[in-house]
2 protein chains.
Amino acid sequence: MPIDPKLNVVPFISVDHMMKLVLKVGIDTFLTELAAEIERDFRRWPIFDKTPRVGSHSQEGVIELMPTSDGTLYGFKYVNGHPKNTHQGRQTVTAFGVLSDVGNGYPLLLSEMTILTALRTAATSALAAKYLARPNSKTMAIIGNGAQSEFQARAFRALLGIQELRLFDIDASATRKCTRNLTGLGFNIVECGSVAEAVEGADIITTVTADKQFATILSDNHVGPGVHINAVGGDCPGKTEISKDVLLRSDIFVEYPPQTWIEGDIQQLPHSHPVTELWQVMTGDVAGRTGERQITMFDSVGFAIEDFSALRYVRDKITDLGMFIELDLLADPDEPRDLYGMLLRCEKKLELS
Amino acid sequence: MPIDPKLNVVPFISVDHMMKLVLKVGIDTFLTELAAEIERDFRRWPIFDKTPRVGSHSQEGVIELMPTSDGTLYGFKYVNGHPKNTHQGRQTVTAFGVLSDVGNGYPLLLSEMTILTALRTAATSALAAKYLARPNSKTMAIIGNGAQSEFQARAFRALLGIQELRLFDIDASATRKCTRNLTGLGFNIVECGSVAEAVEGADIITTVTADKQFATILSDNHVGPGVHINAVGGDCPGKTEISKDVLLRSDIFVEYPPQTWIEGDIQQLPHSHPVTELWQVMTGDVAGRTGERQITMFDSVGFAIEDFSALRYVRDKITDLGMFIELDLLADPDEPRDLYGMLLRCEKKLELS
């Protein structure tokens with residue numbers, strides 16, 4: 001049997017590689033293709049191994065592992081969420097992930113996922129909105145103009161053609177940064193002084209704030225008929241953004257209910273409250289939006305399958321574009337049962353050198 | 001506040017680095033110091049976040065994530081178990097792991113753990129035997145002479161002074177390999193033709209076979225009074241080595257009962273059967289061996305805390321010895337909320353170059 005001479009090696013995509021890969025593919029194309037991969041996996045949702053992410057919570061934040069498998073490939077992501085990190089020059093959320101071969105358990109890819117998560121979160125949001133927002137949607141409010149905001153804007157433009165943005169952040173400098181970063185792409189941007197001003201006339205309201213506490217970013221009076229709410233920021237226990245009154249007026253769509261009940265904005269509701277699984281809308285089993293005046297809400301928390309889709313997509317891309325280095329991650333003795341002998345041979349080599 | 005200029009970088013210990021590190025420290029010293037680290041963590045067992053490992057099972061094997069935290073550091077290991085891998089020149093078990101800072105969620109270390117797992121498994125076995133085997137133990141039988149066998153031999157010599165080995169494997173070439181690898185270290189080795197022959201006169205019986213099926217490596221008539229059984233190979237659902245009759249005659253010691261009931265040899269017993277947690281023997285809360293004729297058994301499956309100890313130990317070592325490379329794993333934008341801007345700046349740089 002032919003044996004791969006480099007069984008020890010796992011391709012590694014650094015942050016620098018990921019940026020170059022995204023830019024080479026083009027941000028719009030990347031988001032569009034990635035959304036298509038995610039959609040493809042949502043349409044075969046039942047075949048995946050699913051579990052709520054495994055979190056280790058502390059006062060400062062959370063570290064989570066998010067595994068899933070389709071029976072052929074296995075993927076997991078490591079991700080942290082530490083809201084106070086920005087005060088020390090660190091990211092609130094960083095992540096990396098691994099894709100593996102279910103047949104032999106060997107990793108096929110190790111990748112940075114801070115940037116990739118930002119892209120997959122935005123792609124998933126826009127994908128959900130494609131099914132849930134009114135088809136003639138033109139204007140999106142973005143409440144919270146931090147690290148995820150521009151990715152949301154780009155994804156909604158790439159997938160839905162949204163060009164009118166109304167931005168608000170309690171920190172005006174974040175809004176200015178968002179505007180600056182999105183300049184020159186054909187967006188029509190309005191910087192707003194309040195949530196109320198930002199949601200005025202918006203077809204889609206994206207909430208993507210970062211504080212870990214029960215907050216009410218979006219109140220009942222902010223949400224008119226027909227709006228689609230893309231609730232991204234409420235994504236861990238105790239962290240919510242949307243007032244309960246708004247939830248009660250909305251039809252709520254989620255990724256994986258056992259996880260969303262723990263982490264999403266619906267943690268404010270009794271578990272008897274009806275929610276719809278987004279994948280069932282994509283397969284056509286369940287209706288998404290049914291009328292012009294209906295309020296739809298995607299209570300996004302981020303699920304392992306989206307990361308799985310992203311890792312698989314990236315793996316296919318690097319095969320063409322070669323943007324990775326080889327990591328000596330796996331012990332590969334000449335004789336598989338002879339791990340100890342590998343150590344001895346290394347010793348001999350060191351003695352000779 | 002001073003900010004680390006290299007927030008993007010995570011030290012990575014490759015397989016090659018790990019081998020050089022182990023050899024530089026010395027295998028005996030490494031095993032002894034590692035066992036001391038594991039013992040230190042077992043003695044403060046209650047403070048750890050504990051969960052049975054999160055497994056993704058397939059027909060071919062299993063991929064598992066093993067997280068834990070002491071509130072200051074967080075660690076997890078990725079490990080696969082695929083018994084048929086050796087037929088394709090691959091390892092049955094490969095692993096890598098990460099140690100992180102609970103305060104900000106940032107990884108502090110990424111390390112190969114195939115070799116490190118072999119060492120920590122052997123160190124834990126010998127550590128358990130230090131508490132459970134008769135103090136005058138001289139002879140160990142090793143049933144199963146694959147990748148883990150030499151590490152077991154080295155650890156039992158380093159920690160307990162065991163020099164008499166009786167080896168058996170259904171594949172005689174595995175036994176010959178084990179003997180060859182252990183030659184010149186002062187062991188007195190007897191290659192045996194059967195389990196019955198190997199266990200003759202042994203004070204300690206180590207079972208470390210790899211087949212994934214309910215097997216009976218060790219039968220009732222193999223086990224005399226006073227013996228300590230170090231059961232290493234029965235470590236996943238459906239995979240056991242020790243006959244139920246032997247279990248019923250033994251006092252059984254385990255790492256983390258919720259995991260061992262799923263994976264250990266005790267999966268053959270009703271959950272009402274008494275088992276003792278090893279850490280309680282180390283703190284002195286519960287007696288270990290109480291008599292010369294008592295049969296003790298360590299039903300080892302490998303728990304996350306052992307990997308945590310190993311990662312912490314390795315991290316302390318590389319600080320002195322510098323055996324790692326720097327991996328560009330974490331996105332580190334100049335302004336933490338400006339992840340998208342980092343992508344734009346990369347674009348500009350590429351245009352200029």
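Within every chain, numbering begins at 1; the chains are lettered A, B, ... in the order of the sequence lines, protein sequences first and strands thereafter.
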Contact origin within [X] toward chain A - heavy atom pairs under 4.5 Å:
{"X": "B/Asp49", "result": "side chain"}
{"X": "B/Leu119", "result": "neither"}
{"X": "B/Leu350", "result": "side chain"}
{"X": "B/Leu329", "result": "both"}

Audit row: A/Tyr340, B/Cys178, side-chain contact (heavy atoms from CB on, under 4.5 Å) steps and yes/no: CA-CA 9 Å; A/Tyr340 179 83; B/Cys178 184; over 6 Å; no
When rounded to the nearest 0.5 angstrom, what distance separates [atom1] in [X] from [atom2] in [Y]?
{"X": "B/Leu339", "Y": "A/Gln148", "atom1": "CG", "atom2": "CD", "result": "9.0 Å"}
{"X": "B/His57", "Y": "A/Ser69", "atom1": "NE2", "atom2": "OG", "result": "11.5 Å"}
{"X": "A/Leu343", "Y": "B/Arg154", "atom1": "CG", "atom2": "CZ", "result": "8.5 Å"}

For [X] and [Y], which heavy atoms make the closest approach, and how far apart are they?
{"X": "A/Gln88", "Y": "B/Asn104", "result": "OE1-CB, 4.4 Å"}
{"X": "A/Glu60", "Y": "B/Gly103", "result": "CB-O, 3.3 Å"}
{"X": "B/Tyr106", "Y": "A/Gln91", "result": "OH-N, 2.7 Å"}
{"X": "A/Ile115", "Y": "B/Ala331", "result": "CG1-CB, 4.2 Å"}

Selection from B/Pro107, B/Ala95, B/Ser111 maximising heavy-atom pairs under 4.5 Å formed with chain A: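 Winner by heavy-atom pair count: B/Pro107.
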Chain A contacts, top residue of B/Val22, B/Thr114, B/Ile63 (heavy-atom pairs, under 4.5 Å):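 Max contact count across the listed options: B/Ile63.
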Contact check, side chains of B/Val15 and A/Met342, non-hydrogen atoms, under 4.5 Å: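 With C-beta onward as the side chain, the pair touches.
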pair A/Ser100-B/Asn80: side-chain heavy atoms closer than 4.5 Å: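 SC-SC contact between A/Ser100 and B/Asn80 ruled out.
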B/Asp171 bridged to A/Arg337 by N-O distance under 4.0 Å: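 So B/Asp171 pairs with A/Arg337 through a salt bridge.
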Which of A/Leu327, A/Asp16, A/Leu330 touches chain B most, by non-hydrogen pairs under 4.5 Å: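 With the most close heavy-atom pairs to chain B, the winner is A/Leu327.
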Parallel, tilted or perpendicular: ring planes of A/Phe76 versus B/Phe76, cut at 30 and 60 degrees: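 It falls in the perpendicular class, over 60°.
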Residues A/Asp338 and B/Asn181: side-chain donor-acceptor under 3.5 angstrom: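 There is such a pair between these side chains.
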Residues B/Tyr74 and A/Ser58: side-chain donor-acceptor under 3.5 angstrom: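 Per modelled atom types, B/Tyr74 and A/Ser58 side chains form no pair under 3.5 Å.
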